[in-house]
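Here's the structure we're looking at; comments come further down.
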Amino acid sequence: VNLYIVEKPDGFEFRPGQAVELAIDEEGWRDEKRPFTITSLPDNPRLEFVIKTYPTENNPGHDGMTDHLGRDIEVGDRVLFDDAWGAIEYRGPGVFIAGGAGVTPFIAILRQLEKDGEIDGNRLFFSNKRAEDVFLQGEFFRMLGRSVTCTLTQEEHADYEHGRIDRHWLEQRVDDFSQPVYLYGPPAMASDL
C-alpha cells in the first residue's frame, strides 16, 4: 500500500468517499484512467490517495496501473484527473463492511466523522486475504477502538478473525439490521450478504 499526495487544483471540490478517474501524465499512460478514491478530507490543501499495489505477475486480473504507480512514479511526476464523482453517502451511524482495497471510500468518511466528533455508533468490518494485506489498521483502531474487526480469508493468524464476511458471520455480530450498512468490496462479498 502506498500513499500518494498531489496538489489540489484551485476550486476542486469533493465529498468524503468520492473518487476521480486518474491517469499518469506520461507517454502510454495518459489515456489509461482508473478510478481511485480520495482519502484526504475536503479542507486539506492536497489530495491524498491510499493505493494498494497489485503486481501484474501475481494478479492476472489487474492491468498494471497500480504496479506502475508502485514501481515507476517519482516525486514531481504529474497525474491527470477530472471532477470527483460517486460516493457512498453517509446516512448515520451504522456498519461499514469492506473487502481489501474496498475500504478506501470509508477512509475519508471515517476521518471526517472523527473530525466532526460523530464517529461513535459506527463499526468497521475489514476483510483481507492475509495479514500482510491489512493496512491502516492502527488508524482504524485509534478512531473506532473495539468497534473494528479485521478478518483474514486465506490465512489463520492470532491477531485476526478467520473466515469470510457473509450473512451468517454478520448475524453473529450485528444485532440491529435496521441501521445503515455501508458495503464496498469484491462482487463475491456482496453476493454472500
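These numbers were taken from a predicted model, which means no experiment stands behind them. No hydrogens, no waters, no symmetry mates; every other heavy atom, side chains included, goes into these values.
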Any heavy-atom pair between the side chains of [Y] and [X] that's under 4.5 Å?
X: L183; Y: M189; answer: yes
X: W85; Y: E21; answer: yes
X: L136; Y: F106; answer: no

Tell me whether [X] at atom [atom1] has more than 12 heavy atoms from other residues, nucleotides or ligands lying less than 6.0 Å away.
X: Y184; atom1: OH; result: no
X: E171; atom1: CD; result: yes
X: D31; atom1: CG; result: no

Keeping [X] on the side-chain end and [Y] on the backbone end, is there a donor-acceptor pair under 3.5 Å?
X: E156; Y: H162; value: no
X: K8; Y: P42; value: yes
X: E7; Y: R46; value: no
X: D77; Y: E74; value: yes

Item to complete: Taking the six-membered ring for Trp and the full ring for Phe, Tyr or His, determine whether the centres of F126 and Y160 are under 6.0 Å apart.
Response: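 Centroid distance F126-Y160: not below 6.0 Å, so no.
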
Worksheet item: For L152, which of N128, D159, D133 qualifies under side-chain contact (heavy atoms from CB on, under 4.5 Å)?
Response: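 So, applying the side-chain contact (heavy atoms from CB on, under 4.5 Å) to L152 and each of N128, D159, D133, only N128 qualifies.
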
Worksheet entry | Pairs flagged by salt bridge (Lys or Arg N to Asp or Glu O under 4.0 Å) wherever residues 103-115 is involved - sequence neighbours left out |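 For residues 103-115, and leaving out neighbouring residues, the salt bridge (Lys or Arg N to Asp or Glu O under 4.0 Å) pairs sorted by first residue read D43-K115, E48-R111, R111-E139, E114-R142.
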
Can you give each donor-acceptor pair under 3.5 Å made by side-chain atoms of residues 91-103, sequence neighbours left out, with the distance rounded to 0.1 Å?
none

Discussion item. Walk me through whether T104 and F36 qualify under side-chain contact (heavy atoms from CB on, under 4.5 Å).
Written reply: CA-CA 8 Å; T104 58; F36 293 103; over 6 Å; no

